Engineer: 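Would you mind keeping the following structure in view while I ask a few things?
A note on names: the letters A, B, ... follow the listed sequences, proteins ahead of strands, and every chain is numbered from 1. Everything quoted here is computed from the prediction, not taken from an experiment.
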2 protein chains.
Amino acid sequence: MARRANAPASADLDVRKATILEAVVSEHIDTNQPVGSSSVASSADIGVSPATVRSEMVSLEREGYLAQPHTSAGRIPTDKGYRYFVDHLENGVLGPAQQQQISDFFASVRGEVEDVLEQTSTLLSQMTSYTAVVVGATHAHASILSAQLVNIDAHHQLLVTVFSDGSVIKHSLAPHFEVDHETCAEASRQLNALLIGTTLESAVQVPSRSDHVAQLVRDSVAVLHAQQPTADGEQVFIGGSSRVADSFDGVDTVRKVLSILEQELLVVSLVQDMLSRGLSVAIGSENGFEPLSTCAVVVAPVTIDGTPAGAVGLLGPTRMKYQEAMAAAGAVSQHLARHFGGDEEHANH
Amino acid sequence: MARRANAPASADLDVRKATILEAVVSEHIDTNQPVGSSSVASSADIGVSPATVRSEMVSLEREGYLAQPHTSAGRIPTDKGYRYFVDHLENGVLGPAQQQQISDFFASVRGEVEDVLEQTSTLLSQMTSYTAVVVGATHAHASILSAQLVNIDAHHQLLVTVFSDGSVIKHSLAPHFEVDHETCAEASRQLNALLIGTTLESAVQVPSRSDHVAQLVRDSVAVLHAQQPTADGEQVFIGGSSRVADSFDGVDTVRKVLSILEQELLVVSLVQDMLSRGLSVAIGSENGFEPLSTCAVVVAPVTIDGTPAGAVGLLGPTRMKYQEAMAAAGAVSQHLARHFGGDEEHANH
DNA sequence: GCTGGCACTCGGTAGAATCGAGTGCTAACA
DNA sequence: TGTTAGCACTCGATTCTACCGAGTGCCAGC
């Protein structure tokens with residue numbers, strides 16, 4: 001994994017240039033300052049003088065890996081520079097303390113899936129001090145275990161549907177006729193007969209009669225299947241959004257990023273887009289939203305029994321600590337998969 | 001309502017001082033700058049010279065209503081100054097455009113309660129450009145309409161409980177013995193018999209037998225009633241958290257406030273504390289959290305059929321536009337109450 | 001091809017000068 | 001007695017200057 005999935009076939013730099021580039025990137029990540037030739041020359045184990053480093057740097061700048069904020073300042077990495085750095089990163093290893101922290105967390109966490117995912121996002125955020133995103137997959141493919149119509153009053157019913165992945169969704173109905181308990185119970189029975197074992201994608205033969213029971217059944221199926229097109233099944237949990245405030249300098253950047261995070265749909269599509277492109281890191285402009293041009297996003301898919309079940313992600317500045325972030329996201333995603341795939345085989349998404 | 005609920009019995013200022021104080025507060029809210037005596041003298045309809053205003057100002061400062069950032073700058077209001085200002089505020093009226101916006105929203109909004117509340121928080125935030133908080137009350141007092149135990153697999157069951165307020169909660173069970181469909185269905189029947197009509201606060205006589213059905217029933221009741229002590233029934237929806245970023249200047253303030261917002265429990269307790277003290281506005285130190293010392297919070301209770309059902313709130317800087325904020329929060333809370341109390345009598349909290 | 005040397009650039013910082021909004025005080029006035 | 005005009009004073013903000021120094025690009029020599 002020293003080379004990430006579909007890394008762009010960046011014409012490989014020669015060894016020295018690569019060393020210099022990596023030195024610049026890691027020092028800039030540490031200090032948030034432009035990096036000069038002399039500190040590179042002294043820091044790394046390249047036995048060359050600053051002058052040589054400098055001439056390599058102009059070359060790296062011509063090739064688009066580095067940029068200088070202004071003449072006579074050091075260099076800072078471009079998105080392309082970060083990309084090269086990330087593509088050539090060794091797999092980081094989590095510190096024992098952090099591993100322990102994750103293990104402890106998953107050993108002691110309890111509650112419903114949503115609670116676990118919520119808390120996981122907080123954990124990940126605390127570990128990395130970046131904003132964490134946990135996405136739970138949709139239940140599009142889960143089959144229905146139970147569909148119950150509950151009579152709230154004569155004009156309000158609640159359709160409660162339980163899926164094989166343990167998720168529950170509800171829909172309200174407000175028919176224009178009065179419904180007594182008997183009618184409701186009968187509709188409930190018919191819905192169960194009709195829906196159990198199907199998925200949201202299955203076609204269902206609804207009764208065409210015009211009595212109240214049939215109408216209730218038809219309405220219920222309709223409102224349930226209407227769920228599908230919105231693709232709204234995913235759940236998003238965002239942990240540590242306050243971390244945005246210390247990841248970026250300008251208040252307006254903070255505002256923009258928070259604003260993106262507020263639109264959860266955007267976040268989901270971002271993460272899913274990355275996964276479908278096989279990316280685990282998106283840097284600056286790579287993630288497609290202008291306001292995120294100074295952000296980097298790290299994602300790790302959560303795979304249970306071979307099927308994609310969600311993802312965990314981290315959002316930080318482009319100068320984020322990629323190795324730590326990737327290691328943390330990877331470890332947490334694996335623990336999540338084990339947690340839901342292992343002892344709780346079906347209580348997951 | 002020109003005087004708010006239990007306004008501190010602030011020894012009333014004489015008319016001129018009050019006018020001056022109000023002028024200072026409103027100008028400072030507008031400009032975010034210290035206000036000088038001359039602008040007060042010219043702005044308001046007090047026919048006195050700046051010199052007179054000045055001498056009144058030193059008096060107001062001695063009494064704690066004003067402060068000066070440094071010698072030879074204008075005055076800014078203290079929390080006490082804002083308090084006086086708010087206590088003597090006329091009831092603001094929403095602009096017709098905003099009223100229309102609210103009406104349109106509630107006319108077109110649909111979906112489950114949670115969705116409505118979520119979108120309401122966004123609406124309120126957009127209208128005011130402050131961060132909005134919508135709190136839905138707990139279902140502690142709602143009675144149980146249905147309790148169903150669904151068999152996910154032999155070792156995992158899901159208890160799905162529907163309340164009379166239309167809310168649904170789920171709990172997983174993981175018994176150590178195998179459960180077949182028949183056992184599960186029987187337990188479900190017994191649970192229904194046992195729980196329907198009770199509330200989470202009711203004592204329930206569970207079977208003492210030791211067969212699997214009885215164990216399932218006992219476990220279910222236990223896990224359900226365990227919900228209670230956490231008082232976790234409230235739902236919190238926060239809209240426009242990115243607005244924090246343009247309400248405050250310092251990045252660290254932004255961080256602190258976001259951090260508070262992340263801890264939803266804190267937010268809930270803050271709002272409830274304010275309601276129980278009969279406050280509709282908390283200014284700076286009044287809201288009890290040090291990081292919120294530069295914040296003001298406006299809340300309006302949502303009352304349905306005479307019983308408290310939640311609250312809507314707005315969080316902004318102490319120099320927020322109180323009149324607008326209070327008007328908006330009040331209007332939205334009323335619309336919410338009507339929305340859930342009127343045509344959907346029971347589909348609410 | 002590498003390196004030391006060197007002139008040059010230019011952002012950042014420090015200090016001085018200045019500006020001006022706003023104050024507090026006092027003496028005069030109604 | 002309350003109000004006001006006048007005035008000296010304060011002090012943050014702004015501007016300007018000088019200057020430092022980190023870092024560069026280039027070149028000549030090794």
Side-chain angles (χ1 to χ4, degrees), chain A residues 13-78 81 249-250 319, chain B residues 13-78 81 249-250 319:
Chain A
L13 301 169
D14 67 63
V15 180
R16 198 169 63 188
K17 271 186 187 155
T19 316
I20 292 176
L21 177 54
E22 276 161 29
V24 170
V25 174
S26 39
E27 185 169 337
H28 181 257
I29 285 177
D30 273 356
T31 64
N32 196 18
Q33 299 283 334
V35 180
S37 56
S38 59
S39 67
V40 170
S42 64
S43 83
D45 40 356
I46 19 167
V48 292
S49 77
T52 313
V53 172
R54 241 166 310 172
S55 73
E56 295 285 47
M57 275 171 144
V58 297
S59 163
L60 281 168
E61 186 173 354
R62 242 196 310 273
E63 295 170 55
Y65 293 98
L66 295 179
Q68 29 180 196
H70 52 265
T71 338
S72 92
R75 303 302 209 290
I76 58 174
T78 61
D249 310 317
R319 47 172 286 270
Chain B
L13 301 169
D14 68 63
V15 180
R16 199 170 64 185
K17 271 188 187 152
T19 316
I20 292 177
L21 177 53
E22 276 161 29
V24 170
V25 175
S26 40
E27 184 169 337
H28 181 257
I29 286 177
D30 274 354
T31 64
N32 196 19
Q33 299 283 333
V35 180
S37 55
S38 59
S39 67
V40 170
S42 64
S43 82
D45 41 356
I46 20 168
V48 291
S49 77
T52 313
V53 173
R54 246 169 323 199
S55 74
E56 295 284 48
M57 275 171 143
V58 297
S59 163
L60 282 168
E61 185 173 356
R62 242 197 309 272
E63 296 170 54
Y65 294 98
L66 294 179
Q68 37 182 353
H70 52 264
T71 338
S72 91
R75 304 301 209 289
I76 58 175
T78 60
D249 309 319
R319 48 172 284 272

Engineer: Return the value, rounded to whole Å, for the distance between atom CG of D14(B) and atom P of dT1(D).
Structural biologist: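 Atom CG in D14(B) sits about 17 Å away from atom P in dT1(D).
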Engineer: Output one line per pair: protein atom, nucleotide atom from nucleotides 11-20 of chain D, and distance, for all N/O pairs under 3.5 Å.
Structural biologist:
{"from": "dC11(D)", "atom 1": "O4'", "to": "S72(B)", "atom 2": "OG", "distance (Å)": "3.4"}

Engineer: If you compare all heavy atoms of E63(A) against all heavy atoms of K17(A), which two are closest, and at what distance to 0.1 Å?
Structural biologist: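 Result for this residue pair: OE2-NZ, 3.1 Å.
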Engineer: What closest approach, in Å, do M57(A) and V35(A) show between heavy atoms, and which atom pair accounts for it?
Structural biologist: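 Heavy-atom minimum between the residues: CE-O, 3.8 Å.
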Engineer: Hey, what do you get for CD1 (I20(A)) to OG (S55(A)), rounding to the nearest 0.5 Å?
Structural biologist: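 So the gap between those two atoms works out to 7.5 Å.
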Engineer: Quick check: closest heavy atoms across T52(B) and V48(B), and the distance to 0.1 Å?
Structural biologist: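 It is CB-CB, 4.0 Å.
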Engineer: Give me the atom names and distance for the closest heavy-atom approach of G74(B) to P69(B).
Structural biologist: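 Minimum heavy-atom contact is O-CD, 3.3 Å.
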Engineer: Please produce a list of atom pairs where a protein N or O lies less than 3.5 Å from an N or O of nucleotides 3-6 of chain D.
Structural biologist:
{"from": "dT3(D)", "atom 1": "OP1", "to": "R16(B)", "atom 2": "NH1", "distance (Å)": "2.8"}
{"from": "dT3(D)", "atom 1": "OP2", "to": "R16(B)", "atom 2": "NH2", "distance (Å)": "3.1"}
{"from": "dT4(D)", "atom 1": "OP2", "to": "S49(B)", "atom 2": "N", "distance (Å)": "3.1"}
{"from": "dT4(D)", "atom 1": "OP2", "to": "S49(B)", "atom 2": "OG", "distance (Å)": "3.4"}
{"from": "dT4(D)", "atom 1": "OP2", "to": "T52(B)", "atom 2": "OG1", "distance (Å)": "2.3"}

Engineer: Check for a donor-acceptor pair, side chain of T78(B) on one end and backbone N or O of Y65(B) on the other, with a separation under 3.5 Å.
Structural biologist: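 Yes; at least one donor-acceptor contact below 3.5 Å.
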Engineer: Which pairs with one or both residues in residues 21-35 of chain A pass salt bridge (Lys or Arg N to Asp or Glu O under 4.0 Å), sequence neighbours excluded?
Structural biologist: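 Residue pairs passing salt bridge (Lys or Arg N to Asp or Glu O under 4.0 Å), neighbours aside: none found.
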Engineer: So, using side-chain contact (heavy atoms from CB on, under 4.5 Å) as the criterion, who are the partners of D249(A) when residues are at least two apart?
Structural biologist: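 Result, side-chain contact (heavy atoms from CB on, under 4.5 Å) vs D249(A): N32(A).
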Engineer: First and last nucleotide of DNA chain C touching chain A, 5' to 3', heavy-atom cut-off 4.0 Å?
Structural biologist: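 Answer, 5' to 3': dC2(C) to dG11(C).
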Engineer: Which pairs, with at least one residue in residues 49-62 of chain B and sequence neighbours excluded, count as a salt bridge (Lys or Arg N to Asp or Glu O under 4.0 Å)?
Structural biologist: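 Only R16(B)-E56(B), E61(B)-R75(B) qualify under salt bridge (Lys or Arg N to Asp or Glu O under 4.0 Å).
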Engineer: Which heavy atom of S37(B) sits nearest a heavy atom of P50(B), and at what distance?
Structural biologist: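 Smallest interatomic distance, heavy atoms only, reads CB-O, 3.7 Å.
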